[in-house]
Amino acid sequence: MKPWARNAWIVAAFGMSMLLFLGFFHLRQGGQGWAMLLAGSIVGVFVPIAISGTHRPRSARANRRVQVEAGEVVLRHQWGTHFAFLVSALACVVGAVVALIAVANPVYRSLALLVAPVAPFLAWSYLLSLLRRPCTVLSPAGVRVRGDIFDAELGWDELVAVRVEESPAGVRVVGVPGASSYLWRRVRGVVPLYGRPGEGSIFLYDFTYDRPGVVAEVMETLARLAPERRAEYLLGPAVALLRGDHETIQES
């Protein structure tokens, strides 16, 4: 499945905010130059931002998200999708406020009344998610995740499978039933934008990583290796795979 198809809901959320704006501009036909300027700015700026959440970055940018710190590998999560939603939510906030102030049409006023209490709520949630600076930490002991709305961890010795799933698209880490190293807790103050994964598992959407399949491969290898060999693999072959060093050599 193509990346744009997997993340089509980004475009849908953006489209809802655009409909609200364009409906207002259609009704305001009284020489409102500032309104047309705002409409042009939205189309010229927000569309590229929304689309930015649906593409894979080039290797040079992806490499900066793979860092080695104190014997651990830190994978910074992509932020384009959440930023696109934040912008769409803010667009809905502005559109709803303007419509309530300046539009008399009952249909658009009713739509604005529905959007007005929900959009700020969502904007605040996505802002908090971005401020958390989500990342996945791979250590010789196990995997730790500081997600957008949760924290989780699982030891390699209790990991039984890593699956790249298509519906919903993402990477699922599965531990043994009742794993003592397993932890999954929701972060206070951040709205639960999606549900809790199954017991003993950690799920991250595929747009979290630059290379979801490679991340899953590295995790599976770390789980299979003997404990004394994990550190060597993690700081050598694993970093090279995650950074796509072999792809860089092929391109050059």
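From a predicted model like this one, the values you see are computed outputs, not experimental measurements. Numbers here simply count residues along the sequence, with the first being 1.
For Glu158, the side chain to side chain donor-acceptor pair (under 3.5 Å) test picks out Ser180, Ser181, with sequence neighbours left out. Partners of Trp184 under the ring-ring contact (aromatic ring centres under 6.0 Å, His included) rule, at least two apart in sequence or in another chain, are Phe150. For Glu165, the salt bridge (charged side-chain N to carboxylate O under 4.0 Å, His left out) partners at least two apart in sequence or on another chain are Arg163, Arg172.
In this structure, Trp156 contributes its side chain and Ser139 its backbone to a donor-acceptor pair below 3.5 Å. A distance-only check finds a donor-acceptor pair linking the side chain of Ser129 to the backbone of Ser125 [under 3.5 Å].
Side-chain heavy atoms closer than 4.5 Å link hydrophobic residues (I, L, V, M, F, W, Y) into clusters, and following such links, even through other members, never connects Val162 to Leu183. There is no path of hydrophobic side-chain contacts, each under 4.5 Å, that joins Val137 to Leu154. At a threshold of 4.5 Å between side-chain heavy atoms, the hydrophobic network of Ile, Leu, Val, Met, Phe, Trp and Tyr places Val74 and Val145 in two separate groups. Clustering ILVMFWY residues whenever any of their side-chain heavy atoms sit less than 4.5 angstrom apart, transitively, puts Tyr233 in the very cluster that holds Val215. Linking Ile, Leu, Val, Met, Phe, Trp and Tyr residues whenever their side-chain heavy atoms come within less than 4.5 Å places Val214 and Val143 in a single cluster.
Remark: Thr136 OG1 to Ile202 CD1 distance equals 8.5 Å, nearest 0.5 Å. With rounding to the nearest 0.5 Å, the separation of CZ in Arg76 from CZ in Arg65 is 11.0 Å. In this structure, CD on Glu217 lies 12.0 Å from CZ on Arg211, to the nearest 0.5 angstrom. For the atom pair Gln67 CD and Cys135 SG, the distance stands at 9.0 Å (nearest 0.5 Å). Once rounded to the nearest 0.5 Å, the distance linking CG of Leu242 with CG of Leu138 reads 6.5 Å.
In this structure, Asp157 pairs ionically with Arg230, as a charged nitrogen and a carboxylate oxygen lie closer than 4.0 Å. Asp148 and Arg133 are not joined by a salt bridge, as no carboxylate oxygen comes within less than 4.0 angstrom of a charged side-chain nitrogen.
The minimum heavy-atom distance linking Val164 with Pro212 is given by the pair CG2-O, 4.3 Å. Of all heavy-atom pairs between Leu235 and Val73, the closest is CD2-CG2, 4.4 Å. For the residue pair Gln78 and Tyr209, the shortest heavy atom distance occurs at NE2-O, 2.9 Å. Nearest approach of Gly71 to Pro140, heavy atoms of both residues: O-CD, 3.8 Å. Among all heavy-atom pairs drawn from Leu130 and Pro134, the shortest one is O-CD, 4.2 Å.
The number of heavy-atom neighbours closer than 6.0 Å to CZ of Arg196, taken from other residues, nucleotides and ligands shown, is above 12.
The shortest side-chain heavy-atom distance between Val239 and Arg243 falls under the 4.5 Å cut-off.
No side-chain N or O of Tyr182 forms a donor-acceptor pair with one of Ser201 less than 3.5 Å apart.
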Asp151 vs Arg132, salt bridge (charged side-chain N to carboxylate O under 4.0 Å, His left out): CA-CA, chis, key distance, verdict: CA-CA 11 Å; Asp151 290 321; Arg132 294 201 79 222; 2.9 Å; yes
